[in-house]
*Asks:* 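Below is one structure. I have some questions about it.
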Amino acid sequence: MKMATLIAYASKYGCTKKCAGILWGKMEDRTDLLNVKKEKKVDLSQYDKVIISGSIYAGKIQKEVTRFCEKHLDELLQKKVGLFICCMENGDEAENELKHSFPELLLEHAIISEFFGGELTVSEMNLFDKFVIKMIARDGDKIPAEDTSTVSNEKISTFANRMNTA
Ligand SMILES: Cc1cc2nc3c(=O)[nH]c(=O)nc-3n(C[C@H](O)[C@H](O)[C@H](O)COP(=O)(O)O)c2cc1C
């Protein structure tokens, strides 16, 4: 049995990329990173574990992540799969976002699915995103308008342990 892991990710401002990198450092088998926004082709046959991740914008994960899951669904269902998202919501709302981010079959099949928290780097955002964030922040104070991080290193460690022992 080949023991290798792929971490596929999509990231707009780098939070998911950073989390994928931290996870990469905690994986015990040979592990490759794949940016699904840049690389469209991948040979999954060399991996026995695949981690898929992305971040949430207006309730949705990147379309490239959805395409990756749909395109490789049959093959993914034969492998050990982990799923994570980066988002600023938490609790039930984040669970809900997680549930809507991946195909149902894949969620049921996954060894672990988790939200890691998120990062808002308002200083790096494009004008449209800055505007959206400021509007959301004003509307109920859920998403702050300043730079902030809620990423849980503990959740990343637990996720890595679960994948390493699978
Ligand atoms: C314009 C915009 C819209 C967002 N919408 C949501 C949302 O609907 N739900 C949520 O939980 N987080 C939302 N977020 C927070 C992002 O998911 C969070 O910043 C994440 O860490 C971004 O990861 P990335 O840098 O890898 O893309 C939004 C962020 C921006 C900038």
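Indexing begins at 1, ligand by ligand and atom by atom, following the structure's order. All values below come from the heavy atoms of this structure, side chains included, with hydrogens, waters and symmetry mates left out.
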*Asks:* So, is Met125 polar-close to ligand 1, with some N/O to N/O distance under 3.5 Å?
*Replies:*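 No; the residue has no nitrogen or oxygen that sits under 3.5 Å from a nitrogen or oxygen of the ligand.
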*Asks:* Determine the minimum heavy-atom distance between Cys19 and Val151, stating which atoms define it.
*Replies:*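 It is SG-CG1, 3.8 Å.
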*Asks:* Between Lys17 and ligand 1, does any nitrogen or oxygen pair lie at a separation below 3.5 Å?
*Replies:*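 No, Lys17 has no N/O under 3.5 Å of an N/O on ligand 1.
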*Asks:* For the pair Asp29 (side chain) and Met3 (backbone), establish whether a donor and an acceptor sit closer than 3.5 Å, ignoring hydrogens and angles.
*Replies:*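 Pair absent, no side-chain N/O of Asp29 close to backbone of Met3.
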*Asks:* Considering only heavy atoms of Glu89, which atoms of ligand 1 have at least one such atom less than 4.0 Å away?
*Replies:*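 Result: 9 (N), 10 (C), 11 (O).
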*Asks:* For ligand 1, which atoms have a heavy atom of Gly59 less than 4.0 angstrom away?
*Replies:*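 Numbered from 1, ligand 1 contributes 7 (C), 8 (O).
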*Asks:* Quiz question: by atom type and distance under 3.5 Å, do the side chains of Gln62 and Ser55 form a donor-acceptor pair?
*Replies:*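 Side chains of Gln62 and Ser55: pair found under 3.5 Å.
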*Asks:* For Tyr13, counting its heavy atoms only, list the atoms of ligand 1 lying under 4.0 Å from any of them.
*Replies:*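 The list of qualifying atoms is 24 (P), 25 (O), 27 (O).
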*Asks:* Compute the shortest N/O to N/O distance between Ile56 and ligand 1 and return yes if it is under 3.5 Å, no if not.
*Replies:*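 Min N/O separation from ligand 1 is below 3.5 Å for Ile56.
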*Asks:* State, with a plain yes or no, whether a side-chain heavy atom of Tyr9 is found less than 4.5 Å away from one of Leu33.
*Replies:*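 When only atoms from C-beta onward are counted, Leu33 and Tyr9 do touch, with a gap below 4.5 Å.
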*Asks:* Locate the shortest heavy-atom distance separating Lys79 from His109; write the atom from each residue and the value.
*Replies:*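 Closest approach of Lys79 to His109: O-NE2, 2.6 Å.
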*Asks:* Hey, which atoms in ligand 1 end up nearer than 4.0 Å to a heavy atom of Glu97?
*Replies:*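 Ligand 1 atoms under the 4.0 Å threshold to Glu97: 7 (C), 8 (O), 9 (N), 10 (C), 11 (O).
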*Asks:* Any N or O on Glu119 sitting closer than 3.5 Å to an N or O of ligand 1?
*Replies:*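 Among all N and O atoms of Glu119, at least one is under 3.5 Å from an N or O of ligand 1.
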*Asks:* Taking atom types as modelled and ignoring hydrogens, do the side chains of Tyr57 and Asp129 form a donor-acceptor contact shorter than 3.5 angstrom?
*Replies:*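 No - no donor-acceptor pair under 3.5 Å links their side chains.
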*Asks:* Please work out which of Gly118, Ser149, Ser55, Gly117 has its closest non-hydrogen atom nearest to atom 24 (P) of ligand 1.
*Replies:*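 Among Gly118, Ser149, Ser55, Gly117, the closest heavy atom to atom 24 (P) of ligand 1 belongs to Ser55.
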*Asks:* Can you sort out which atoms of ligand 1 are near Cys15, meaning under 4.0 Å from one of its heavy atoms?
*Replies:*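 Near Cys15, the atoms of ligand 1 are 21 (O), 23 (O), 24 (P), 25 (O), 26 (O).
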*Asks:* Output the distance between atom CZ (Phe68) and atom CG (Leu73), rounded to the nearest 0.5 Å.
*Replies:*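 Result: 11.0 Å between the selected atoms.
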*Asks:* Taking the six-membered ring for Trp, are Phe116 and Phe159 parallel (under 30°), tilted (30 to 60°) or perpendicular (over 60°)?
*Replies:*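 Geometry flag for Phe159 against Phe116: perpendicular rings.
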*Asks:* If you count the atoms of ligand 1 from 1 in the order shown, which ones are under 4.0 Å from a heavy atom of Leu120?
*Replies:*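 Under 4.0 Å from Leu120, ligand 1 has these atoms: 19 (O), 29 (C).
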*Asks:* Are any of the N/O atoms in Ala58 less than 3.5 Å from those in ligand 1?
*Replies:*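 Between Ala58 and ligand 1 (N or O atoms, distance only) the closest approach is under 3.5 Å.
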*Asks:* Give yes if a backbone or side-chain nitrogen or oxygen of Val132 is under 3.5 Å from a nitrogen or oxygen of ligand 1, and no if not.
*Replies:*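 In fact, backbone or side chain, Val132 has no N or O that close.
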*Asks:* Heavy atoms only: give me the nearest Val81-Leu76 pair and the separation to one decimal.
*Replies:*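 Minimum heavy-atom contact is CG2-O, 3.3 Å.
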*Asks:* What I want to know is whether Lys12 and ligand 1 share at least one N or O pair that is separated by under 3.5 angstrom.
*Replies:*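 By distance alone, the answer is yes.
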